[in-house]
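Quick one: structure below, then a few questions.
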Amino acid sequence: MHKVDFVNVFTLSGQGGNPCPVVADAQGMSAHDMQAIAKHYGHEAGFVFPTENDDVDFAFRFFVPNHEMEMCGHATIGALWVLTQQNRLTESAIRISTRSGPVTGYVGRDEDGAPAIEITQPAGKVVPLTNAQGDAVLHALGVTRDALADLPLHNAVTSRVKTLVPMRDVERLHALVANVPAVESACRLIGSTGLYPYAVADESARVFEARQFPRASGYPEDAATGIAAAALAFGLLRDGLITPDDRTIRVLQGRAMRRLSEIRVRIGFAQGRAVGCLLGGAVSQADAHNHAVAA
């Protein structure tokens with residue numbers, strides 16, 4: 001039997017966040033077992049395995065109801081939070097193996113004594129969409145180009161490709177009604193794992209709002225998507241919406257789902273060149289699902 005801890009990741013003032021089942025001791029679990037837990041809860045789930053590799057501390061795996069994911073930001077942060085609560089972390093820097101590559105988690109404490117967790121992501125790559133690709137995306141979102149800001153649509157990636165769609169304003173962002181089959185079709189056409197429309201909330205304060213419509217996860221929308229927010233940060237940098245420094249970028253997501261969440265991203269620079277980023281956010285236990293047990 002394997003204990004499941006259910007947490008909310010990227011919460012804002014203790015509310016919202018992306019729900020996440022975490023199995024902090026998944027040794028012996030098969031892929032079928034892990035996917036069954038994701039299906040049972042209807043959310044992306046994280047699984048922690050021991051490792052005999054001296055270069056890493058843990059191996060993490062991630063499943064959505066429909067399939068395995070190479071990397072998940074919120075499940076990584078959620079799993080580190082659970083490990084912290086179980087007093088299983090002996091260092092502040094945790095080396096993690098994932099199927100998308102190595103990740104380092106940094107675990108500290110905030111001013112209230114709560115765990116403060118950030119994880120690394122590589123430098124993002126940003127590629128503008130062609131007009132035909134953009135048209136497929138707009139069709140999936142049910143809008144025309146007059147709903148967009150005067151900026152390009154991009155495929156951007158740190159760990160997984162996300163499609164950045166610059167909406168003219170926050171109101172148009174939250175009015176979107178995505179066509180789920182068309183989202184999947186558009187994403188497959190352009191090689192993306194999800195559409196990430198966003199709008200500027202407060203440019204000077206580096207605050208943006210976003211929504212995530214995943215390609216084929218088994219649910220139509222995410223309340224908070226760390227990997228997409230990391231990709232967005234590099235898109236914002238490319239388009240000149242943020243200055244090239246390491247100040248925090250705040251991405252608010254989930255408002256349309258009534259689960260307003262906050263994702264924080266800090267881009268790191270070396271000799272003026274972006275070399276990666278740190279992705280973080282608050283975590284809380286989800287009481288309604290505590291101590292669930294799965295085979």
**Request:** Starting from the C-alpha separation in whole Å, work towards a yes-or-no answer on side-chain contact (heavy atoms from CB on, under 4.5 Å) for Ile190 and Asn155.
**Result:** CA-CA 8 Å; Ile190 64 179; Asn155 269 358; 3.9 Å; yes
**Request:** Give a yes or no on whether Asp245 atom CG has more than 12 heavy-atom contacts from other residues, nucleotides or ligands under 6.0 Å away.
**Result:** yes
**Fill in**
When rounded to the nearest 0.5 Å, the distance separating CG of Leu237 from CG of Leu232 is 11.0 Å
**Message:** Quick one, Ser192 and Arg215 - any side-chain contact, counting heavy atoms below 4.5 Å?
**Reply:**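 Of all side-chain heavy-atom pairs linking Arg215 with Ser192, none is under 4.5 Å.
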**Message:** Can you confirm whether Arg88 sits close enough to Phe58 that some side-chain heavy atom of one is under 4.5 Å from a side-chain heavy atom of the other?
**Reply:**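 Side-chain contact under 4.5 Å: yes.
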**Request:** Find the distance between CG (Leu141) and OG1 (Thr144) and round it off to the nearest 0.5 Å.
**Result:**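 OG1 of Thr144 is found 11.5 Å from CG of Leu141.
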**Prompt:** Between Asp135 and Ala132, is there a donor-acceptor pair closer than 3.5 Å when you use the side chain of the first and the backbone of the second?
**Reply:** no
**Prompt:** Just how far is it from atom OG1 of Thr163 to atom OH of Tyr196, taken to the nearest 0.5 Å?
**Reply:** 12.5 Å
**Request:** Could you check if a side-chain atom of Val265 sits within less than 4.5 angstrom of a side-chain atom of Gln121, using non-hydrogen atoms only?
**Result:**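 They are not in side-chain contact.
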**Prompt:** Does CD belonging to Gln15 count more than 12 external heavy atoms closer than 6.0 Å?
**Reply:** no
**Prompt:** Between Thr193 and Lys162, does any side-chain donor sit less than 3.5 Å from a side-chain acceptor?
**Reply:**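 Result is yes, a qualifying pair exists.
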**Message:** Determine whether the aromatic ring centres of residues Phe49 and Phe60 are separated by less than 6.0 angstrom.
**Reply:** no
**Request:** Please check if atom CG in Asp150 has more than 12 non-hydrogen atoms from other residues, nucleotides or ligands closer than 6.0 Å.
**Result:**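 No, not enclosed.
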**Prompt:** Between the main-chain N or O of Tyr219 and the side-chain N or O of Ser217, is there a donor-acceptor pair closer than 3.5 Å?
**Reply:**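 Checked: no pair found.
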**Point-to-point distance, once rounded to the nearest 0.5 Å, from CD1 of Ile117 to CG of Leu80** =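 So the gap between those two atoms works out to 5.5 Å.
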**Request:** Keeping the roles fixed (side chain from Asp5, backbone from Pro21), state whether a donor-acceptor pair exists under 3.5 Å.
**Result:**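 Checked: no pair found.
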**Message:** With heavy-atom distances below 4.5 Å as the criterion, would you say the side chains of Ile227 and Thr158 are in contact?
**Reply:** yes
**Message:** Could you work out, with side chain to side chain donor-acceptor pair (under 3.5 Å) as the rule, every residue matching Arg264, not counting sequence neighbours?
**Reply:**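 Arg264 satisfies side chain to side chain donor-acceptor pair (under 3.5 Å) with Glu262 once adjacent residues are dropped.
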**Asked** So which pairs with a foot in residues 183-197 pass salt bridge (charged side-chain N to carboxylate O under 4.0 Å, His left out), sequence neighbours left out?
**Response**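 Counting only pairs at least two positions apart or across chains, the salt bridge (charged side-chain N to carboxylate O under 4.0 Å, His left out) contacts touching residues 183-197 are Glu184-Arg188.
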**Request:** Could you please spell out the steps behind the side-chain contact (heavy atoms from CB on, under 4.5 Å) verdict for Ser92 and Val107?
**Result:** CA-CA 5 Å; Ser92 60; Val107 180; 5.5 Å; no
**Message:** Hydrogens and angles aside, do Thr98 and Arg61 bring a side-chain donor and acceptor to less than 3.5 Å of each other?
**Reply:**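 No.
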**Request:** Look only at the side chain of Arg168 and the backbone of Asp146, and say whether a donor-acceptor pair between them is shorter than 3.5 Å.
**Result:** yes
**Prompt:** So Val4 and Ile37, side-chain contact (heavy atoms from CB on, under 4.5 Å) or not? Walk me through it.
**Reply:** CA-CA 9 Å; Val4 180; Ile37 288 178; 4.1 Å; yes
**Prompt:** Under 4.5 Å between any side-chain heavy atoms of Phe47 and Phe62, yes or no?
**Reply:**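 Side chain of Phe47 against side chain of Phe62, heavy atoms only: no contact under 4.5 Å found.
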**Prompt:** Can any side-chain N or O of Arg266 pair as donor or acceptor with the backbone N or O of Leu278 at less than 3.5 Å?
**Reply:**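 Such a contact is absent between Arg266 side chain and Leu278 backbone.
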**Request:** Apply side-chain hydrogen bond (donor to acceptor under 3.5 Å, both in side chains) to Asp239 and His154, showing your working.
**Result:** CA-CA 10 Å; Asp239 289 340; His154 294 300; 3.1 Å; yes
**Prompt:** Hey, does Val165 have a side-chain heavy atom less than 4.5 Å from the side chain of Leu148?
**Reply:**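 The answer is yes; the side chains approach within 4.5 Å.
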**Asked** Just checking, any donor-acceptor pair under 3.5 angstrom between side chains of Glu209 and His174?
**Response** yes
**Item:** Derivation and outcome, side-chain contact (heavy atoms from CB on, under 4.5 Å), residues Leu173 and Asp169
**Value:** CA-CA 6 Å; Leu173 172 70; Asp169 50 49; over 6 Å; no
**Prompt:** Between Asn8 (side chain) and Thr11 (backbone), is there a donor-acceptor pair under 3.5 Å?
**Reply:** no
**Asked** Judged by atom type as modelled, is there a donor-acceptor pair below 3.5 Å linking the side chain of Arg211 to the main-chain atoms of Leu176?
**Response**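 A pair under 3.5 Å: yes.
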**Request:** To the nearest 0.5 angstrom, please state how far the CG atom of Asp55 sits from the OG atom of Ser97.
**Result:**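 Asp55 CG to Ser97 OG: 10.0 Å, rounded to 0.5 Å.
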**Message:** Out of the candidates Lys39, Gln35, His40, only one should pair with Pro65 under the side-chain contact (heavy atoms from CB on, under 4.5 Å) rule; please name it.
**Reply:**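 Of the listed residues Lys39, Gln35, His40, the side-chain contact (heavy atoms from CB on, under 4.5 Å) partner of Pro65 is Lys39.
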**Request:** Could you tell me whether the side chains of Asn179 and His139 share a donor-acceptor contact shorter than 3.5 Å?
**Result:**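 No - no donor-acceptor pair under 3.5 Å links their side chains.
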**Complete:** So CG of Leu164 and CG of Leu151: to nearest 0.5 Å the spacing works out to 10.5 Å
**Request:** Measure the shortest side-chain to side-chain distance between Phe10 and Val283 over non-hydrogen atoms and say whether it is less than 4.5 angstrom.
**Result:** no
**Asked** With no hydrogens and no angle check, is any side-chain donor or acceptor of Ser261 less than 3.5 Å from a backbone partner on Arg259?
**Response** yes
**Request:** Check the side chains of Gln253 and Thr225 for a donor-acceptor pair under 3.5 angstrom, ignoring hydrogens and angles.
**Result:**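 Yes, Gln253 and Thr225 have a side-chain donor paired with an acceptor closer than 3.5 Å.
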**Asked** Okay, side chain of Arg250, backbone of Ile263: is any donor-acceptor separation there less than 3.5 Å?
**Response**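 No.
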**Close side-chain approach of Leu153 to Pro128, heavy-atom, < 4.5 Å** =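 Heavy-atom side-chain distance check fails, nothing below 4.5 Å.
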